[in-house]
Protein chains: 2
Amino acid sequence: MSTSEESSLGKVEVSMSPQERFEEYLQSRGLRNTDQRRFLIEQVFKHHEHFDADQLIDQLPRKGHENHVSRPTVYRTLNEFVEAGLLRKFELNGRSVYEHDYGYPQHDHFYCTKCHKLIEFQSDELLQLRDAIAREHRFRVRGHRLIIQGVCDDCSRQKRERRVQDRV
Amino acid sequence: MSTSEESSLGKVEVSMSPQERFEEYLQSRGLRNTDQRRFLIEQVFKHHEHFDADQLIDQLPRKGHENHVSRPTVYRTLNEFVEAGLLRKFELNGRSVYEHDYGYPQHDHFYCTKCHKLIEFQSDELLQLRDAIAREHRFRVRGHRLIIQGVCDDCSRQKRERRVQDRV
DNA sequence: ATCGTTGCAAACGTTTTGCATAAGG
DNA sequence: CCTTATGCAAAACGTTTGCAACGAT
């Protein structure tokens, strides 16, 4: 059975689960599939939201409880997930933010400076334009990062409503 | 006389020098124009390259010498330059990178993962596409950050040449 | 005289490391 | 059994802060 991911951007059919994919990655490099790695991959792929290391650690069992994973191991493992192509990492406000990569379509983000939400969007035109620009400059594209900052619809709606209230 | 900046992207005519602009900014807020600020603005606008705090500090006189500026003051002042609209700041590999903003046209960057150079480019089409996408999503754009990663022309040339040499 | 600015040292928040112990293959 | 992985504590990293002394207006 093939796995798929739910999201606002739709699904991408992939032939292996993240777990299977990671096992393959580990085996190909002679690395080991430990309890911690198995547990973390399960947690990380349980939901689709963007997250940083602290958010992940907060949702993990505390020290002394079953399945607790130490902070250094969380960091080490997140780096491995990136290395294995399961996650993508980017910087936002000086900290690393992770998102699903494996089995998930290419996309970019709006970043709302009011509510600090990341909103995904996808544009083929953008990719084409990117490649056209790169071609002009003889630059070999491997990928890109685009974040459009501003105010999301929800937040500008709230502002408008508050303005109306103020008049009453 | 009006000032202008040289660059691959051309010039933008501005009515004040960065120094004058900063003085105005300071005065409007009741802040003070100190020797350190005057010296730093001169250093920062002497060349057009991107730089981070350490690179700036390295090109400054060492402790004990004339015009030395302490590390905290450099950081504080860079933040003020950003606040004043003279510089733009962005994150690259976990550190803050600064570039001229005042008197300099909007642009984006290629980032070469071989030589770690940042190469500027400018595209009006990109801005239009950005705004069109944002409009669709009812997102109010304040700005954006785009970095296209890959390999620059110089580096792929070198690779090609090395391949040819290897055959000899 | 006032109040913003500086330099120092020390703190900060995030991420990484060295090392001894544990555990996967 | 061999080697990789883990947890701990401590370090590293870039950046910020508290505070007393300083200096601009």
Side-chain angles (χ1 to χ4, degrees), chain A residues 19 22-41 43-44 50-58 60-84 87-98 116, chain B residues 19 22-41 43-44 50-84 87 89-98 116:
Chain A
Q19 283 85 351
F22 191 51
E23 261 174 68
E24 196 179 73
Y25 166 86
L26 292 174
Q27 275 173 22
S28 73
R29 310 210 171 190
L31 305 177
R32 290 163 189 178
N33 203 357
T34 62
D35 288 347
Q36 289 88 337
R37 283 170 179 168
R38 267 189 292 268
F39 184 69
L40 284 177
I41 208 164
Q43 294 303 309
V44 159
H50 307 87
F51 63 93
D52 61 29
D54 272 333
Q55 288 170 333
L56 176 57
I57 289 165
D58 283 351
L60 259 35
R62 311 272 163 232
K63 197 194 289 197
H65 297 69
E66 196 180 4
N67 284 328
H68 169 73
V69 182
S70 72
R71 178 170 285 270
T73 296
V74 168
Y75 276 100
R76 284 186 279 234
T77 308
L78 284 174
N79 286 338
E80 279 155 11
F81 289 170
V82 171
E83 196 64 29
L87 293 182
R88 302 218 300 162
K89 172 161 133 176
F90 58 99
E91 319 260 324
L92 195 62
N93 301 325
R95 54 204 298 156
S96 295
V97 177
Y98 300 86
H116 303 276
Chain B
Q19 285 85 350
F22 191 52
E23 262 174 66
E24 196 179 73
Y25 165 86
L26 292 173
Q27 275 173 20
S28 73
R29 309 212 172 188
L31 305 177
R32 290 164 188 176
N33 203 357
T34 62
D35 289 348
Q36 290 88 338
R37 283 169 179 168
R38 266 189 292 267
F39 184 69
L40 285 177
I41 208 164
Q43 293 304 307
V44 159
H50 307 87
F51 64 94
D52 61 27
D54 273 333
Q55 288 170 332
L56 176 57
I57 288 164
D58 283 350
Q59 82 176 52
L60 259 34
R62 311 271 164 234
K63 199 195 288 200
H65 296 69
E66 196 181 3
N67 284 328
H68 168 73
V69 182
S70 72
R71 179 170 284 271
T73 295
V74 168
Y75 276 101
R76 285 186 279 234
T77 307
L78 285 174
N79 286 338
E80 278 155 11
F81 289 170
V82 171
E83 197 64 29
L87 293 182
K89 172 162 135 174
F90 57 100
E91 318 259 323
L92 194 62
N93 300 326
R95 53 205 299 155
S96 294
V97 178
Y98 300 86
H116 303 275

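All chains are named by letter (A, B, ...) in the order of the sequence lines, taking the proteins before the strands, and each is independently numbered beginning at 1.
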Contacted region of DNA chain D by chain B, from 5' end to 3' end of the hits, cut-off under 4.0 Å to heavy atoms, spans D:dG14 to D:dT25

May I ask you to say what B:D52 touches in the nucleic acid, namely base, sugar-phosphate or nothing, with a heavy-atom cut-off under 4.0 Å? nothing

Side-chain touch A:F39/A:T77, heavy atoms, less than 4.5 angstrom: no

So CG of B:N79 and NZ of B:K89: to nearest 0.5 Å the spacing works out to 4.5 Å

Sorted by chain and number, sequence neighbours left out, salt bridge (charged side-chain N to carboxylate O under 4.0 Å, His left out) with A:R76 holds for none

Sequence neighbours excluded, the answer for salt bridge (charged side-chain N to carboxylate O under 4.0 Å, His left out) partners of A:R32 is none

Sequence neighbours excluded, the answer for side chain to side chain contact (heavy atoms under 4.5 Å, CB included) partners of B:H65 is B:P61, B:R62

Taken to the nearest 0.5 Å, the spacing of A:I57 CD1 from A:L78 CG works out to 8.0 Å

Under a 4.0 Å heavy-atom cutoff, the residues of residues 31-41 of chain B touching DNA chain D are B:R32, B:N33

Within residues 89-97 of chain B, those residues having any heavy atom closer than 4.0 Å to DNA chain C are none

Heavy atoms of A:Q55 and A:H50 approach each other most closely as OE1-O, 3.9 Å

Taken in chain and number order and not counting sequence neighbours, the residues that satisfy ring-ring contact (aromatic ring centres under 6.0 Å, His included) with A:Y25 are A:F22

### Task
Answer yes or no: is there a donor N or O on one side and an acceptor on the other, between the side chain of B:T73 and the main chain of B:V69, under 3.5 Å?
no

Taken in chain and number order and not counting sequence neighbours, the residues that satisfy side chain to side chain contact (heavy atoms under 4.5 Å, CB included) with B:E24 are B:M16

Residues of residues 56-71 of chain B with a heavy atom under 4.0 Å from any atom of DNA chain D, listed by number, are B:R71

Sorted by chain and number, sequence neighbours left out, salt bridge (charged side-chain N to carboxylate O under 4.0 Å, His left out) with B:E23 holds for none

Heavy-atom side-chain proximity of B:D52 to B:L56 below 4.5 angstrom:
no

In numerical order, the residues of residues 72-83 of chain B whose heavy atoms come under 4.0 Å of DNA chain D are B:P72, B:Y75, B:R76, B:N79

Contacts of A:D54 meeting salt bridge (charged side-chain N to carboxylate O under 4.0 Å, His left out) (sequence neighbours excluded), chain-then-number -> A:R71, A:R95

